*Asks:* 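Starting off with a structure, shown below.
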Amino acid sequence: MERVLSGMRPTGKLHLGHLEGVLKSYIEMQKNYEAYYMVADWHALTTDYEKPENVTENTIEMYKDWLSVGIDPEKATLFIQSEVKEHAELYLLLGLLTPVPWLERNPTYKEQKQEIKDRDLSTYGFLGYPVLQAADILIYNAHKVPIGEDQRPHLELTREIARRFNFLYGKFFNEPQEILTQMPKLPGIDGRKMSKSYNNAIFLSDSEKDVEEKVRQMFTDPQKIKKDDIGHPDNCVVCAFYSVYDKEKVEEVIKECRQGKRGCVDCKKQLARKLNEVLTPIREKREEIEKNIDKIKDIIIYGNKKAQKTAKETMDVVREKMKLKLDF
Ligand code: TRP
Ligand code: SF4
């Protein structure tokens with residue numbers, strides 16, 4: 001079986017945008033690949049090193065989100081990056097052979113240094129972010145890596161680093177291929193991209209009431225005030241959600257809206273009900289998980305051990321190839 005590895009930084013609760021994008025591909029891939037899914041806590045610290053206090057809590061929340069949507073610890077190996085110390089060793093060794101200009105011209109690096117002004121990111125660790133990511137991937141010799149569009153430069157660098165290693169010490173690493181996770185057609189409740197930092201997300205852990213309230217706040221066609229006003233569903237967040245979560249109904253919603261036969265209040269109520277139908281089983285699973293928090297701990301320890309076993313095997317070969325093995 002081919003191997004797949006992916007990681008997510010534990011920066012907070014996951015939302016419907018994550019579910020439609022990355023989580024669905026995790027669930028799909030655990031069936032057909034030897035899958036490794038990692039909480040990238042060291043990566044989170046490359047930007048949040050001044051405020052590390054939420055990392056542990058966010059890590060546990062991430063496991064709850066993963067498990068509640070059906071990521072299966074029996075099928076996939078779920079682990080925490082910082083618990084598999086071998087990643088740090090490979091990161092160091094790959095750093096020896098990675099030219100600094102490769103890192104300095106990384107578009108993600110340049111962009112983030114421009115955009116993030118409230119923290120000092122002129123650190124060695126932040127520049128080395130893609131080297132750590134390359135170590136994460138190569139230590140499992142993954143064939144495939146599900147990522148979003150923004151991570152493509154990092155995967156390109158991973159391949160370049162793998163190639164350079166293979167050239168210097170003999171072929172060992174695969175050049176991993178990306179699998180682009182679909183960008184969900186799902187906006188946030190204000191019509192911008194759904195994101196925790198925009199405060200416009202519907203979280204997997206939201207209660208029924210939260211969902212009703214958020215749907216009530218969704219931006220609709222501003223020209224439609226009364227039920228019999230002609231509406232423009234193309235400009236309506238509610239309609240965008242129907243097209244993802246109620247495909248059978250969306251045609252009718254669009255038609256009625258355009259004909260002035262549909263009121264926004266009812267339209268929203270029906271959508272909230274539909275979203276809650278989707279979220280109820282996820283909520284129930286989450287409740288079950290929260291009742292038995294020791295089980296999460298067992299899952300974490302079990303996954304860490306499994307990941308470490310593979311990582312150790314890789315490091316044996318890497319040390320040998322880099323002449324770091326004593327023969328006595
Ligand atoms: N950098 C990735 C992100 O921010 C997270 C990540 C860390 C990752 N290591 C990885 C993704 C390895 C894929 C493979 O989304
Ligand atoms: Fe949007 Fe529905 Fe109102 Fe039309 S009726 S504008 S689709 S909420």
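Scope of the values below: all heavy atoms of this structure, side chains included, with no hydrogens, waters or symmetry mates. In each ligand, atom 1 is the first atom listed, and ligand 1 is the first ligand listed. Quick caveat: nothing in here was measured; it's all calculated off a predicted structure.
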*Asks:* Can you tell me how the ring of Trp42 sits relative to the ring of His87, calling it parallel under 30°, perpendicular over 60° and tilted otherwise?
*Replies:* perpendicular

*Asks:* Among all protein heavy atoms, pick out the one at the shortest distance from atom 3 (Fe) of ligand 2; state its residue, atom name and that distance to 0.1 Å.
*Replies:* Cys264 SG, 2.3 Å

*Asks:* Please identify which atoms of ligand 2 are closer than 4.0 Å to at least one heavy atom of Thr220.
*Replies:* 8 (S)

*Asks:* Check whether any N, O or S atom of Cys267, backbone or side chain, sits closer than 2.8 Å to atom 4 (Fe) of ligand 2.
*Replies:* no

*Asks:* Have a look at ligand 1 and work out which part of Met38, if any, has a heavy atom under 4.0 Å from it: side chain, backbone, both or neither.
*Replies:* side chain

*Asks:* Return a yes/no value for Tyr129: is any of its N or O atoms, backbone included, closer than 3.5 angstrom to an N or O of ligand 1?
*Replies:* yes

*Asks:* Look only at interatomic distance and state if Asp136 has a nitrogen or oxygen under 3.5 Å from any nitrogen or oxygen of ligand 1.
*Replies:* yes

*Asks:* Applying a strict 4.0 Å limit to heavy atoms, is Gly231 in contact with ligand 2?
*Replies:* no

*Asks:* Have a look at Asp41, Leu5, Leu138, Thr46 and point out the one with the heavy atom closest to atom 14 (C) of ligand 1.
*Replies:* Leu5

*Asks:* Check for a donor-acceptor pair, side chain of Asp41 on one end and backbone N or O of Thr56 on the other, with a separation under 3.5 Å.
*Replies:* no

*Asks:* Do we get Arg3 above Tyr140's six-membered ring, with its NZ or CZ under 6.0 Å from the centre and within 45° of the axis?
*Replies:* no

*Asks:* Mind checking the CG-NZ spacing from Leu168 to Lys321? Nearest 0.5 Å is all I need.
*Replies:* 11.5 Å

*Asks:* Distance check below 2.8 Å: does Cys236 bring an N, O or S atom to atom 1 (Fe) of ligand 2?
*Replies:* yes

*Asks:* Just need the protein heavy atom nearest to atom 6 (C) of ligand 1, so name the residue and atom and give the distance.
*Replies:* Gly7 O, 3.7 Å

*Asks:* When you measure from the heavy atoms of Lys224 to every atom of ligand 2, does any distance fall below 4.0 Å?
*Replies:* yes

*Asks:* Should His232 and Lys224 count as side-chain neighbours, where that means a heavy-atom distance under 4.5 Å?
*Replies:* no

